[in-house]
K.L.:
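Pasting in a structure now, in structure tokens, and then I'll have a few things to ask.
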Amino acid sequence: MALTGRIHSRAADLRVSGVLLGVLGAVAFWNAFTYPPFGGFDADEHITYARSLLDGHGLPKGGAYYTPPGFYALAALAIRLGEALGLDQPERVMQIVNAMFVVGSGLLVLALTRLFFPGRPVARWAALGFFTCCPVVLKTAAMFHPQPLAMLLSLLAFWITAGMIVRRDYRLRLWAALAPTLACAQLVRSVSLWVAGVVLVTLIAAAVAQPEHRRQIRNALAISALAMVLLPLPWYIHLQSTAGNAVFGRGIALTSFEARWPKAFYVDSGLPDVITHPQRAELEPRFIPIVYAETWGDYFGIWSWGSPRPELTSEVNRRLTIQSVVGLPLTAFAVAGWLALIGIAARRWRENPARILAVLAPLVGLAAVLYYATRGFRADGDTVKALFLLPAVPFWAVSFGFAVDVLVERHRRVGVAALAVLVPCLLVSLAYATFAFVS
């Protein structure tokens with residue numbers, strides 16, 4: 001009883017949460033200062049886009065032209081600051097800003113988990129621990145890339161939505177914050193559309209579950225949905241008029257899935273190669289293996305063995321294999337927690353409709369990445385990137401935290417034994433996601 005009391009004390013919560021956020025910040029900022037600005041995915045295109053805005057040339061005609069300008073406008077200001085400071089690589093300022101975005105996202109993971117599972121600090125700590133140690137989060141945070149900002153804005157929208165539902169507070173100021181947040185997310189990455197869809201479905205469910213607020217939700221939701229469409233509309237019109245596709249910016253005709261990828265692409269687990277050779281040179285392009293290998297390791301070679309770092313060696317492959325192995329129990333717990341949340345949401349969704357966010361976000365996010373991979377077909381699997389899932393990763397963290405909390409609460413000895421496996425796996429992943437250990 002004394003131990004339980006200490007765990008649930010405010011002091012313990014502040015200490016543990018503070019340490020985890022401190023670790024997240026330390027690694028994120030270290031990576032921002034050490035990872036090369038041109039080392040990440042499509043870094044040349046992203047930096048060229050930002051510099052085009054900085055130099056007054058407007059939106060680029062090639063490269064990442066199909067990406068909304070929100071991130072690049074901010075990145076242009078960051079580069080200008082870097083130049084004013086006399087930095088040899090002024091682009092690094094934006095990497096530092098991305099590190100800040102990831103720390104802010106960590107705070108929102110804590111806040112969301114508190115809303116979903118009040119009074120359960122172990123769930124919060126485990127969720128933040130998963131998020132802090134997940135390589136795809138820290139790798140992407142180190143890059144000159146718009147995805148960390150997209151994740152932060154998406155999480156902010158999810159948090160505002162969950163807070164309204166849990167507290168039954170639907171005042172105008174909250175809607176005035178939610179609609180611009182979702183609109184801004186679309187102006188950073190068009191794929192944030194799925195985030196808006198999940199939010200709308202959850203709010204509709206809340207209107208059904210809370211009839212006393214139904215009229216208020218319905219009226220405000222209609223106005224907010226209109227704002228979410230109108231604010232980013234000029235960008236969608238621009239893409240439609242210049243590229244022939246308002247969302248993707250690339251006029252790719254839809255065909256059957258099989259015409260682009262073999263059926264094995266969608267269902268093949270990639271075993272055993274996803275464990276023994278989890279990198280592009282030897283692992284066939286399949287959806288699940290690529291997403292898994294990129295989440296925990298480095299399938300495309302932009303972190304531990306791509307240019308300007310050494311070529312793939314047996315030692316690098318051994319380290320990637322370790323990452324695939326330690327990712328197995330972490331993934332298993334996250335999936336188990338998510339499946340449990342589906343069961344709870346199906347039976348008792350009226351009690352806390354906000355949990356629908358935690359159920360839908362991982363599923364819809366994964367479906368969006370699969371759709372994009374199929375529509376933007378490339379035989380080498382280049383359009384299958386785990387970083388596209390970044391706005392959904394916090395909910396895998398929440399699911400992981402829920403699974404750990406339930407096991408520790410109901411089966412203390414089994415839970416402690418599980419932690420003896422999970423904690424080292426998290427630490428190994430954290431070490432891998434710290435650039436000093438792989439550069």
Side-chain angles (χ1 to χ4, degrees), residues 66-68 70 105 108 112 115-116 146-147 149-166 170 174-210 214 217-233 235-237 239-240 245-249 254 291 338 341-342 345-346 349 352-376 387-396 398-399:
Y66 51 86
T67 307
S105 297
L108 289 172
L112 270 170
L115 288 172
F116 293 145
Q147 205 68 6
L149 178 56
M151 175 176 65
L152 177 65
L153 291 172
S154 299
L155 269 181
L156 182 59
F158 286 135
W159 174 66
I160 294 171
T161 303
M164 286 195 298
I165 295 171
V166 170
Y170 299 99
L174 296 174
W175 293 98
L178 177 61
T181 300
L182 286 169
C184 288
Q186 294 175 60
L187 289 173
V188 173
R189 298 287 274 182
S190 296
V191 292
S192 298
L193 277 169
W194 73 259
V195 174
V198 169
V199 166
L200 292 175
V201 169
T202 305
L203 286 169
I204 291 171
V208 175
Q210 300 171 357
R214 188 171 298 164
I217 295 173
R218 182 190 63 199
N219 294 340
L221 187 58
I223 297 173
S224 296
L226 186 63
M228 281 184 271
V229 172
L230 291 179
L231 289 175
L233 186 60
W235 168 251
Y236 292 128
I237 292 174
L239 269 192
Q240 182 64 43
N245 188 291
V247 177
F248 293 100
L254 282 173
V291 170
W338 179 63
L341 283 173
I342 291 176
W349 64 273
N352 190 350
R355 290 177 181 168
I356 294 175
L357 292 171
V359 171
L360 287 183
L363 179 63
V364 178
L366 198 62
V369 174
L370 180 60
Y371 177 76
Y372 178 74
T374 302
R375 187 179 180 96
L387 65 80
F388 296 153
L389 275 171
L390 213 56
V393 169
F395 290 98
W396 289 114
V398 167
S399 299

K.L.:
Distance from I204 atom CD1 to I356 atom CD1, nearest 0.5 Å?
P.N.:
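Result: 10.5 Å between the selected atoms.
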K.L.:
Under the 3.5 angstrom rule, does the side chain of Q147 hit a backbone N or O of L387 as a donor-acceptor pair?
P.N.:
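Answer holds: yes.
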K.L.:
With a sphere of 6.0 Å drawn around CH2 of W159, does it hold more than 12 non-hydrogen atoms of other residues, nucleotides or ligands?
P.N.:
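Check fails, neighbour count at 12 or below.
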K.L.:
Does A150 offer a backbone N or O that forms a donor-acceptor pair with the side chain of R189 under 3.5 Å?
P.N.:
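Pair absent, no side-chain N/O of R189 close to backbone of A150.
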K.L.:
Is any side-chain heavy atom of L357 less than 4.5 Å from a side-chain heavy atom of I165?
P.N.:
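Answer no - side chains too far apart.
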K.L.:
For the backbone of V359 and the side chain of W338, can you confirm whether one donor and one acceptor N or O come within less than 3.5 Å of each other?
P.N.:
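Yes, the answer is positive, given that a donor and an acceptor are paired below the 3.5 Å cut-off.
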K.L.:
With the side chain counted from C-beta on, respond yes when L200 and L221 share a heavy-atom pair under 4.5 Å apart, and no when they do not.
P.N.:
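Heavy-atom side-chain distance check passes, below 4.5 Å.
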K.L.:
If you apply the rule side chain to side chain contact (heavy atoms under 4.5 Å, CB included), what do you find for L230 with L233, and how did you get there?
P.N.:
CA-CA 5 Å; L230 291 179; L233 186 60; 4.2 Å; yes
K.L.:
Any side-chain heavy atom of Y170 sitting closer than 4.5 Å to one from N219?
P.N.:
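Y170 does not reach N219 side chain to side chain.
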K.L.:
How long is the span from the CG atom in L153 to the CG atom in L108, to the nearest 0.5 Å?
P.N.:
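The distance works out to 10.0 Å.
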K.L.:
Does the side chain of M151 come within less than 4.5 Å of P394's, by heavy atoms?
P.N.:
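P394 vs M151: side chains touch.
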K.L.:
Please report the shortest heavy-atom distance between A227 and P232, naming the atom on each side.
P.N.:
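Taking every non-hydrogen atom into account, O-CD, 4.1 Å.
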K.L.:
Can you tell if the side chain of L178 reaches within under 4.5 Å of the side chain of M228, non-hydrogen atoms only?
P.N.:
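No; the side chains remain at least 4.5 Å from each other.
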K.L.:
Return the orientation label for the F116 and F395 ring planes: parallel under 30°, perpendicular over 60°, tilted otherwise.
P.N.:
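F116 vs F395 ring planes: tilted.
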K.L.:
Measure the spacing between CD1 of I217 and OG of S224 and express it to the nearest 0.5 Å.
P.N.:
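Rounded to the nearest 0.5 Å, the CD1-OG separation comes to 11.0 Å.
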K.L.:
Given side chains that start at C-beta, do those of V198 and T202 come closer than 4.5 Å, heavy atoms only?
P.N.:
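Yes, close enough: below the 4.5 Å cut-off.
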K.L.:
I need the minimum non-hydrogen distance between W349 and A205, along with the two atoms involved.
P.N.:
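Shortest heavy-atom contact: CZ3-O, 3.3 Å.
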K.L.:
Which heavy atom in Q186 sits nearest to a heavy atom in P68, and how many Å separate them?
P.N.:
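Shortest heavy-atom separation between Q186 and P68 comes out as O-CG, 3.3 Å.
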K.L.:
Can you name the nearest heavy-atom pair linking V188 to P146, along with the distance?
P.N.:
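Scanning both residues completely, I find the closest heavy atoms to be CG1-O, 3.6 Å.
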K.L.:
Tell me the closest heavy-atom pair linking R214 and V208, and the distance in Å.
P.N.:
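Minimum heavy-atom contact is NH2-O, 3.2 Å.
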K.L.:
Distance from L115 atom CG to R355 atom CZ, nearest 0.5 Å?
P.N.:
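Interatomic distance, L115 CG to R355 CZ, rounded to 0.5 Å: 11.0 Å.
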K.L.:
What's the spacing between T67 OG1 and L239 CG if we round to 0.5 Å?
P.N.:
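Going from OG1 on T67 over to CG on L239, the span is 8.5 Å.
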K.L.:
I need the L231 CG to C184 SG distance, nearest 0.5 Å.
P.N.:
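If we round to the nearest 0.5 Å, L231:CG and C184:SG are 7.5 Å apart.
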K.L.:
Is the closest side-chain heavy-atom distance between S105 and L152 below 4.5 Å?
P.N.:
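Heavy-atom side-chain distance check passes, below 4.5 Å.
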K.L.:
Within the structure provided, determine whether S190 and Y66 are in side-chain contact (heavy-atom separation under 4.5 Å).
P.N.:
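No, too far: nothing below the 4.5 Å cut-off.
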K.L.:
Compare every heavy atom of L389 with every heavy atom of V291, then report the nearest pair and how far apart it is.
P.N.:
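Minimum heavy-atom separation between V291 and L389: CG1-CD1, 3.7 Å.
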K.L.:
Mind checking whether F158 and W194 have parallel, tilted or perpendicular rings, split at 30° and 60°?
P.N.:
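Correct class here is tilted.
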